[in-house]
Asks: 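Take a look at the following structure, please.
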Amino acid sequence: MSRVLNGNTNISERTRDKVMEIVKQYNYVPNTLAKGLASSRTYTVGFCYDYTEKQAVSNPFFQMVLQGVEDVVYRRNFLFLMMSMQRDQLDASSFAKVVTERRVDGVLVPTQLFTEAVHSLLLREGMPFVVVGEPMFAQPGIHWVDIDNVQAAMALTRRLIDRGLGQIGIVYDEADKTKDKFVLDRIEGYRRAMGEAGLQAKEATLERLRGMSGNGCGGASQALIFSTESLLLDWLDEADEHPPADSIHLATFDRSPYHRHIKYGVESIEIELETMGIEAADMLFALIEKTELAQPYIKIPAK
DNA sequence: TATCTCTCAACCGACATGTG
DNA sequence: CACATGTCGGTTGAGAGATA
């Protein structure tokens, strides 16, 4: 039965037809638990999210990544399990439970949650894993997938420079900068593009920007790049009181569904989050199936 | 004799049940 | 009480039988 259903070639047409007839007659569907018992597989992969971040799951960018992951998972006839994790209470989280009880064959961990404690737990349990986003700490043997944020920021900055804008500032959130590698990379990409063009880089936190008059880094910027779209939205929330000057070009990375509610023209660069999900899931399946990988990480260029 | 196809049975792991 | 055995339902290796 299993040889027929799993496409084994050494089966005669006659036997195959006979088996398929019985499958049809009894509406036979293999029991995944029994299959897992025989193959030491769960046919499930996990994705963890931050329990303390209430908007983690509803975040549209997170959902775009998930969409890519799910496409791959369902194509492989696997199931997908969402697990919560509390960074400061790892042992009590459902993530730790799922990993230690081997309820999944592999896990995807967002870089914000990938701490050294998480890494050692996964190594100890021999659980295949892929980090979604470049990890904040480097260790050999860690597989990860990320957007090439340096390249994306360079491309966006160059686009503004090509428009003849010479005074371009970048705005970031201090807390994001310490926990999100991609924010550091975007700042780095911006600096490089400005440096190449012989222009002076101007950086400010949102807090500092709020305190400035004229809505610019130093009050003289012609364009402002926001390191994340949510930061731009936060800033625009306050725009009723201090609307940005018409002469200021706004720019950020990617577009969430909320983007269409923005009343101002915003330049953005496309970040392929769905592709990131697809690549991460493909990489995880390669690790589960012990397939040789060409490289331990993938950086997806922005368009 | 070589190759193809089929059948049998061990095995997977956790838990329930039986036996001494 | 401790240990042995059975149970679930697939997968898969080994070996037997059929056929060219």
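Just so it is clear: chains get the letters A, B, ... in the order the sequence lines come, proteins before strands, and each one is counted from 1.
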Asks: Provide, to the nearest angstrom, the distance between the CG atom belonging to A:L33 and the C1' atom belonging to B:dC11.
Replies: 17 Å
Asks: Return the value, rounded to whole Å, for the distance between atom CG of A:N31 and atom P of B:dC12.
Replies: 19 Å
Asks: Rounded to whole angstroms, how far apart are CG on A:L37 and C1' on B:dA14?
Replies: 9 Å
Asks: Over 60° means perpendicular and under 30° means parallel, so classify the ring planes of A:F114 and A:F137, tilted if in between.
Replies: parallel
Asks: Considering only side-chain heavy atoms of A:R3, which listed nucleotide, B:dT5, B:dT7, C:dG9, is closest?
Replies: B:dT7
Asks: Could you tell me whether A:S2 contacts a base, only the sugar-phosphate backbone, or nothing, with contacts defined as non-hydrogen atoms closer than 4.0 Å?
Replies: base
Asks: Just say parallel, tilted or perpendicular for the rings of A:F47 and A:F80, cut-offs at 30° and 60°.
Replies: perpendicular
Asks: Are the charged groups of A:R192 and A:E188 less than 4.0 angstrom apart, N to O?
Replies: yes
Asks: Roughly, in whole Å, what's the span from CZ in A:R14 to P in B:dC4?
Replies: 18 Å
Asks: Rounded to the nearest Å, what distance is computed from the CD atom of residue A:E13 to the P atom of nucleotide B:dC4?
Replies: 16 Å
Asks: Side chain of A:A34 only, please: which of B:dC12, C:dG9, B:dC8 is the nearest?
Replies: C:dG9
Asks: Please determine if a side-chain N or O atom of A:Y28 lies less than 4.0 Å away from the OP1 or OP2 oxygen of C:dG10.
Replies: yes
Asks: Return the value, rounded to whole Å, for the distance between atom CG of A:D17 and atom C1' of B:dT5.
Replies: 15 Å
Asks: Could you state the atom-to-atom distance from CE of A:M1 to P of C:dT11 in whole Å?
Replies: 10 Å
Asks: Which pair of non-hydrogen atoms, one from A:L287 and one from A:P128, has the smallest distance, and what is that distance?
Replies: CB-CB, 4.1 Å
